[in-house]
Q: 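Mind having a look at this structure? Questions to follow.
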Amino acid sequence: MTETIRIVRAAENNLKDISLEIPKQQFVVITGPSGSGKSTLAIDILQRESQRQYFEMNGMATNFINKPKVESIKGLSPSIGITQQKTTNRNPRSTVGTVTDMYTYLRVIYEKLGRQLCPNCGSFVKKPADLPEGSETMPCAVCGFEMKTLNKAHFSFNTVEGACANCSGLGKKLGIKVAEVFDESKSLRNGAVSFWFDNMGIYYGQVLTAAGAYYGMGFDIDLPLKDYSEIQRDLLYYGAESTEFSRHFPDLPPPKTAAKGRFEGVLTGMWRRYAEKEGQSGESAFFYQKTCSECGGDKLKKESRLVLVAGQSITEVSKLPLEQVLDWVKRIKSDLEKRENSIAENLVFELGVKLERILHVGLGYLSMDRTSMTLSGGESQRLRLATVLGSDLSGVLYILDEPTAGLHPKDTEGLVSILKQLRDHGNSVLVIEHDVDVMKEADWIIDIGPGAGINGGIVVGEGTLSSLATQARSVTGVYLNEPYFPKTVRRAGNRRMHHDYGGSKKQFEAHRCFVSDWLFYSGYWGIRFRQINFTI
């Protein structure tokens, strides 16, 4: 079995025909100045080629994946890339709970352990352990009333059984700021519809005039909107095919062409474009959201919101920080009755494990109901990292792009612990990183440099962190070998950007990449300065 990934003459982007061997089943860090070629090596070469070979091996088309500029790569494993790219999932139904499957566990726990409210006597009743599978009703243990049995579908805001009927499980109702769309004092010809530019008002006015003739009611595009009749307003707002307008002419079919008066309706068209473009239409500024009056933003039907486990509803638990959800899980584990162990113990245990992994990467402040589209790139990356750790895969190459970005230094230890667990499961872990604390824990470091762009693309150092300090070409090694001495006396300000560099001149020269672009490391962070006056 090949123990290394051997790359021969890689020349992608700014890489200068570099050849190197990357240890497998090790925790490897790629470091160096920004723009030196780290991402090119890890993502544009290793990850891309791994994907290309996978598709090719399975007889699938590979013409959409460009072969990287490299003579050969030996020993490459199937790869999983976990990068910082901002999630493109614009679905408002996608949440932290759904993308991690934690909410699925939660739904089953509430199905098995939940105490339902009896609509007859108001008592909270737990589902009998011997209730037949698929039973639609169960007797209230207090009054004997046959009450509806709730299953896991009733706790999902993405199903008909569970979603609030008023907001379809979104927790919010969308509306249009009608007063901002229409200027009642103006006519269509003079700009009554705020987003009809140039001659759009005249064109649509002609369509509406044709519709007025078709229905025998007349339509004047020079009339101010405030003087419209109810029928004319319904046509303008909702269109000829809408229920709002067709009720006025129930026996007359709508026109089939614009020339005859087929008009979609201003508001109806706005709703259509908003849905088609997932909220990114040009008129999205005219839309607003308000909390659903029926569910209060909880997304579920009332009967589901009233079910309790350990004294809390599923919507209450979904809103808690994940670190508090873990405390809730621990309370459930201690309260489980013996007869319930075979049903719920595994579910509760697995949910607890998932939560602990997420806490390890510093995301304990998130809640399950947090929508995915609001997560930063770093949060999405670490959330996915915590999720993949639960798999039993081995022999995989995991590629991560600066996983400590946005992470508090106190949480770095937990992140490194997870990376080591991936390695210990028989996987190779390749991390692009600037954080010295991560480098200290690495089995092997590859330093790319010495500068950025055309001044980079060379392997300037390899080995452990301590060995890099002895390698003169290594930018990272030079920094590690010479301590940084911050200046204690600062000059008076003169309204110009200025940086007093506290290190030695030798250290400064070693970190200078090219004119007006310097990079040096300070504490945990790599800091880049452009066009700044340095005083040494």
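We use all heavy atoms of the structure for the numbers below, so side chains are in, but hydrogens, waters and symmetry mates are not. A quick note: this is a predicted structure, and the numbers were derived from the prediction, not measured. Count residues from 1 along the sequence.
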Q: Please answer whether the main-chain N or O of Pro33 pairs with a side-chain N or O of Lys38 as donor and acceptor at a distance below 3.5 Å.
A: yes
Q: Is it the case that the side chain of Asp447 and the backbone of Val460 share a donor-acceptor pair, with hydrogens and angles ignored and the cut-off at 3.5 Å?
A: no
Q: What distance separates Ile432 CD1 from Ser39 OG, expressed to the nearest 0.5 Å?
A: 3.5 Å
Q: List the atom of Thr100, the atom of Lys354, and the distance in Å for their closest heavy-atom pair.
A: O-NZ, 3.3 Å
Q: Any chance you could measure Glu441, atom CD, to Leu415, atom CG, to the nearest 0.5 Å?
A: 11.0 Å
Q: Can you name the ring-ring contact (aromatic ring centres under 6.0 Å, His included) partners of Trp444, sequence neighbours left out?
A: none
Q: Does a side chain donor of either Thr412 or Asp437 reach within less than 3.5 Å of an acceptor in the other side chain?
A: no
Q: Tell me the side chain to side chain donor-acceptor pair (under 3.5 Å) pairs involving residues 458-468, sequence neighbours left out?
A: Thr464-Ser466, Thr464-Ser467
Q: Tell me, please, which residues at least two apart from Glu356 pass side-chain contact (heavy atoms from CB on, under 4.5 Å).
A: Leu326
Q: Considering non-hydrogen atoms only, spot the tightest contact between Leu322 and Leu363 and give its length.
A: CD1-O, 3.9 Å
Q: Measure the shortest side-chain to side-chain distance between Lys299 and Thr95 over non-hydrogen atoms and say whether it is less than 4.5 angstrom.
A: yes
Q: For residues Gly75 and Ile5, report the shortest heavy-atom separation together with the two atoms involved.
A: O-CG1, 3.5 Å
Q: Rounded to the nearest 0.5 Å, what separation is found between the CD1 atom of Ile418 and the CG atom of Leu400?
A: 10.5 Å
Q: Could you work out, with ring-ring contact (aromatic ring centres under 6.0 Å, His included) as the rule, every residue matching Phe27, not counting sequence neighbours?
A: none
Q: Is the closest side-chain heavy-atom distance between Ile314 and Leu106 below 4.5 Å?
A: yes
Q: Counting neighbours of CD on Glu413 that are heavy atoms of other residues, nucleotides or ligands and sit closer than 6.0 Å, is the number greater than 12?
A: no
Q: To the nearest 0.5 Å, what is the distance between CG (Leu41) and CG (Asn13)?
A: 11.0 Å
Q: Are the side chain of Lys173 and the backbone of Asn166 linked by a donor-acceptor contact shorter than 3.5 Å?
A: yes
Q: Among all residues two or more places apart in sequence or in another chain, which pass the salt bridge (charged side-chain N to carboxylate O under 4.0 Å, His left out) test with Arg473?
A: none
Q: Can you establish whether the number of heavy atoms outside Lys290 located under 6.0 Å from its atom NZ is more than 12?
A: no
Q: What residues form a ring-ring contact (aromatic ring centres under 6.0 Å, His included) with Phe349, not counting sequence neighbours?
A: none
Q: State, yes or no, whether a side-chain contact exists between Ser168 and Arg93 at a heavy-atom distance under 4.5 Å.
A: yes
Q: The criterion is ring-ring contact (aromatic ring centres under 6.0 Å, His included); which residues satisfy it with Tyr103, sequence neighbours excluded?
A: Phe157
Q: Ignoring hydrogens and geometry, is there a side-chain-to-backbone donor-acceptor pair from Asn427 to Leu397 under 3.5 Å?
A: no
Q: Under the side-chain contact (heavy atoms from CB on, under 4.5 Å) rule, collect the residues that match up with Glu264, sequence neighbours excluded.
A: Thr268, Arg272, Arg273
Q: For Thr315, give me all partners under side-chain contact (heavy atoms from CB on, under 4.5 Å), at least two apart in sequence or on another chain.
A: Asp298, Leu300, Arg305, Ser313
Q: Please list all pairs meeting side chain to side chain donor-acceptor pair (under 3.5 Å) that have one or both residues in residues 323-333, counting only residues at least two apart or in different chains.
A: Gln312-Arg331
Q: Looking at Arg107 and Lys152, would you say the former's side chain and the latter's main chain have a donor-acceptor pair under 3.5 Å?
A: yes
Q: Verify, without hydrogens or angle tests, whether Lys16 (side chain) and Asn455 (backbone) share a donor-acceptor contact under 3.5 angstrom.
A: no
Q: Only one of Leu375, Val99, Asn158 forms a side-chain contact (heavy atoms from CB on, under 4.5 Å) with Ser94, so which one is it?
A: Val99
Q: Using salt bridge (charged side-chain N to carboxylate O under 4.0 Å, His left out) as the criterion, list what pairs up with Lys69, not counting sequence neighbours.
A: none
Q: Give a yes or no on whether Tyr54 atom OH has more than 12 heavy-atom contacts from other residues, nucleotides or ligands under 6.0 Å away.
A: no
Q: Count the heavy atoms belonging to other residues, nucleotides or ligands that lie under 6.0 Å from NZ of Lys319, then report whether that count exceeds 12.
A: yes
Q: Quick one: does Lys301's side chain have a donor or acceptor within less than 3.5 Å of a partner on Val160's backbone?
A: yes
Q: Regarding Asp369 and Ser367, do their side chains bring together a donor and an acceptor under 3.5 Å, going by distance alone?
A: yes
Q: Mind checking whether Ile358 and Leu383 have side chains closer than 4.5 Å, heavy atoms only?
A: yes
Q: Roughly how far, to the nearest 0.5 Å, is the CD1 atom of Ile30 from the CD atom of Glu433?
A: 11.5 Å
Q: Under the 3.5 angstrom rule, does the side chain of His154 hit a backbone N or O of Asn151 as a donor-acceptor pair?
A: yes
Q: Is any side-chain heavy atom of Leu422 less than 4.5 Å from a side-chain heavy atom of Leu385?
A: yes
Q: What pairs with Ser417 under side-chain contact (heavy atoms from CB on, under 4.5 Å), at least two apart in sequence or on another chain?
A: Gln421
Q: With the side chain counted from C-beta on, respond yes when Glu12 and Val70 share a heavy-atom pair under 4.5 Å apart, and no when they do not.
A: no
Q: Do Ser50 side-chain atoms and Leu46 backbone N/O form a donor-acceptor pair below 3.5 Å?
A: no
Q: What's the spacing between Glu379 CD and Leu366 CG if we round to 0.5 Å?
A: 5.5 Å
Q: Within the 4.5 Å heavy-atom criterion, are Arg384 and Ile80 side-chain neighbours or not?
A: yes
Q: As a test of understanding, state which of Arg423, Lys420, Lys24 forms a salt bridge (charged side-chain N to carboxylate O under 4.0 Å, His left out) with Asp443.
A: Arg423
Q: Look at the side chain of Thr31 and the backbone N and O of His434, then say whether any donor-acceptor pair between them is shorter than 3.5 Å.
A: no
Q: So do the side chains of Phe195 and Val266 get within less than 4.5 Å of each other, counting heavy atoms only?
A: yes
